[in-house]
Number of protein chains: 2
Amino acid sequence: MADTLAVVGEKYALLVLREAFLGVRRFDAMVRNIGAPRDVLATRLRRLVEAGVLEKLPYSERPRRFEYRPTPAGWELQPVLLMLMKWGDRHLADRPPMVLEHSCGADLTPVVVCGHCGQQADQGTLTPHVQAPGWTRTGPAAD
Amino acid sequence: MADTLAVVGEKYALLVLREAFLGVRRFDAMVRNIGAPRDVLATRLRRLVEAGVLEKLPYSERPRRFEYRPTPAGWELQPVLLMLMKWGDRHLADRPPMVLEHSCGADLTPVVVCGHCGQQADQGTLTPHVQAPGWTRTGPAAD
DNA sequence: GCGAGTGAGTTTGAAATCCGAACTCACTCT
DNA sequence: AGAGTGAGTTCGGATTTCAAACTCACTCGC
């Protein structure tokens, strides 16, 4: 988790990915949609490319222009964004939510399930098997 | 999404939640496990409490001591963390991953599915219905 | 009853980031 | 020739982050 956040946890990184997923893949368009300072966006894009999450490819020689597309590894981050979106819609809903249509025809309500049994994976259903080094669960704290 | 990140997108915020989910709920324990500067952790905790994601409650009067527990809204962020964890395990795996056991008895592999049809929701299966104000999808960019 | 320790922070000053605006460079379009 | 566009880079100033030290209110061992 900490390692993942080292890649996508910096300010704007996940918003950049959102835009890339939605098809906004050019520098200036991202600046407009995200509202990030141009230099910050430039560094973010560099990092995401070197992390293998985005790919920078030219869509025009003369003048040389680039676009940024999610790699396969990048696409695998989409579920993270879906869950962030869902949470925001449930708990912060100011504007009407963006609707994504699933291939089944319904409007998407993303749910996290256990890949093994297909049942929802949430609070009550999970038990950590902890053996991380240096990790301490101090004090009594039954959930 | 942007709004959600305004709440949990700051540095360490999601790590704080991870600890809280795992039962680490005291200030000093979090400092030890996360390695964040104490002042930053203090501000993060304040923000997460006022955002309604954590709850600060005393576990001892005299001396006055507090712990931070996820609220119901907080627990709803767990899926986000699960997907971040999964991605890290697949793409950055340095140390052996932490195993979570699902109530079905199997080790959890979290998957995001469409709540309507139960089928996986990923790259090919989603079509955005875009009508956000000021949002521009510039240039040709079929996925 | 005294010194050491603990838990939950706050303070402090230097280092790293972020910000917005302006600038560059290489073109294209009128 | 002049205006515009796309993809950045450069600037100085405002915010954040950082690590270490400090506070305050206790408790514990002797």
Side-chain angles (χ1 to χ4, degrees), chain A residues 2 5-17 19-20 22-51 54-70 134-141, chain B residues 2 5-17 19-20 23-51 54-69 134-141:
Chain A
L5 287 175
V7 172
V8 296
E10 292 160 303
K11 205 167 182 186
Y12 301 117
L14 289 171
L15 292 179
V16 167
L17 277 176
E19 295 303 315
L22 292 174
V24 177
R25 291 172 183 166
R26 267 106 116 138
F27 192 89
D28 274 43
M30 287 188 176
V31 168
R32 273 192 297 281
N33 288 352
I34 300 176
R38 311 173 72 79
D39 61 342
V40 175
L41 183 58
T43 353
R44 244 14 121 242
L45 287 170
R46 243 193 310 277
R47 262 194 77 41
L48 291 173
V49 167
E50 92 195 19
L54 292 181
E55 217 181 348
K56 176 181 192 168
L57 19 100
Y59 67 91
S60 138
E61 307 289 335
R62 335 213 33 73
R64 206 124 215 284
R65 302 267 154 87
F66 303 95
E67 65 177 358
Y68 297 87
R69 289 168 173 270
W135 190 82
T136 38
R137 170 165 176 160
T138 337
Chain B
L5 288 175
V7 172
V8 296
E10 292 160 302
K11 204 167 180 186
Y12 300 118
L14 289 171
L15 292 178
V16 167
L17 277 176
E19 294 304 313
V24 177
R25 292 173 181 166
R26 268 108 117 137
F27 191 89
D28 275 43
M30 287 188 177
V31 168
R32 274 192 296 281
N33 287 353
I34 300 177
R38 310 173 72 79
D39 60 342
V40 174
L41 184 58
T43 354
R44 252 1 129 247
L45 288 170
R46 242 193 310 275
R47 264 195 72 44
L48 291 173
V49 167
E50 92 195 18
L54 293 181
E55 216 180 349
K56 175 180 193 170
L57 21 100
Y59 66 93
S60 139
E61 308 288 333
R62 335 214 36 78
R64 207 119 215 285
R65 301 268 154 88
F66 303 95
E67 65 178 357
Y68 297 87
R69 288 170 174 269
W135 190 82
T136 38
R137 171 165 175 160
T138 336

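Values below: all heavy atoms of this structure, side chains included; hydrogens, waters and symmetry mates excluded. Every chain is numbered from 1 and lettered A, B, ... according to where its sequence line falls, protein lines coming before strand lines. All figures in this text were calculated on a predicted structure; none of them were measured in a lab.
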Distance check needed: [N] [atom2] versus [X] [atom1], whole Å only.
X: B:Asn33; N: C:dA8; atom1: CG; atom2: P; answer: 13 Å
X: B:Leu41; N: D:dC18; atom1: CG; atom2: P; answer: 11 Å
X: B:Arg46; N: C:dA8; atom1: CZ; atom2: C1'; answer: 12 Å
X: A:Leu45; N: D:dT9; atom1: CG; atom2: P; answer: 10 Å
X: A:Met30; N: D:dA7; atom1: CE; atom2: C1'; answer: 13 Å
X: B:Leu57; N: C:dG7; atom1: CG; atom2: P; answer: 18 Å

Which residue, A:Gly35 or B:Phe27, contacts DNA chain C at a nucleotide closer to its 5' end, judged by nearest heavy atom? B:Phe27
May I ask you to verify whether the side chain of A:Arg26 and the base of D:dG6 hold a donor-acceptor pair under 3.5 Å? no
Is a donor-acceptor pair below 3.5 Å formed from side chain B:Arg38 to base C:dA8, judging by atom type as modelled? yes
Could you report the tightest heavy-atom contact between [X] and [Y], atom names first, then the distance?
X: A:Ala51; Y: A:Val7; answer: CB-CG1, 3.6 Å
X: A:Pro58; Y: A:Arg64; answer: CG-NH2, 4.3 Å
X: A:Val24; Y: A:Met30; answer: O-CE, 3.1 Å

Filtered N/O pairs between nucleotides 14-17 of chain D and protein, under 3.5 Å:
unit_1	atom_1	unit_2	atom_2	d
D:dT17	OP1	B:Arg44	NH2	3.0
D:dT17	OP2	B:Arg44	NH2	3.1

A:Arg65 and A:Pro63, any side-chain heavy atoms less than 4.5 Å apart: yes
Who pairs with B:Tyr68 by side-chain contact (heavy atoms from CB on, under 4.5 Å), at least two apart in sequence or on another chain? B:Leu45, B:Val49, B:Leu54, B:Lys56
Using a cutoff of under 3.5 Å, can you pull out all pairs of nitrogen or oxygen atoms linking the protein to nucleotides 25-28 of chain C, with atom names and distances?
unit_1	atom_1	unit_2	atom_2	d
C:dC27	OP1	A:Arg62	NH1	3.3
C:dC27	OP1	A:Arg62	NH2	2.9

Axis-to-axis angle across the helix from C:dG1-D:dC30 to C:dT30-D:dA1, five pairs each end, nearest 10 degrees, ~ 10°
Which distance, rounded to the nearest 0.5 Å, do you find between the CG of A:Asp39 and the CG of A:Leu41? 9.0 Å
What is the distance from atom CG of B:Leu17 to atom CZ of B:Arg44, rounded to the nearest 0.5 Å? 12.0 Å
Please confirm whether the shortest side-chain N or O distance from A:Arg32 to OP1 or OP2 of D:dT5 is below 4.0 Å. no
With a 4.0 Å limit, can you tell me whether B:Tyr68 has a side-chain N or O closer than that to the phosphate oxygens OP1/OP2 of C:dG7? no
Set of salt bridge (charged side-chain N to carboxylate O under 4.0 Å, His left out) partners for B:Arg46, sequence neighbours left out: none
Test item: A:Arg25 side-chain N/O and A:Ala20 main-chain N/O as donor-acceptor pair under 3.5 Å: yes
Contacts under 3.5 angstrom, residues 8-15 of chain B side chains, donor-acceptor by atom type, not counting sequence neighbours:
unit_1	atom_1	unit_2	atom_2	d
B:Glu10	OE1	B:Arg47	NE	3.0

Tell me, please, whether B:Tyr59 has B:Arg26 positioned over its six-membered ring: NZ or CZ under 6.0 Å from the ring centre and within 45 degrees of its axis? yes
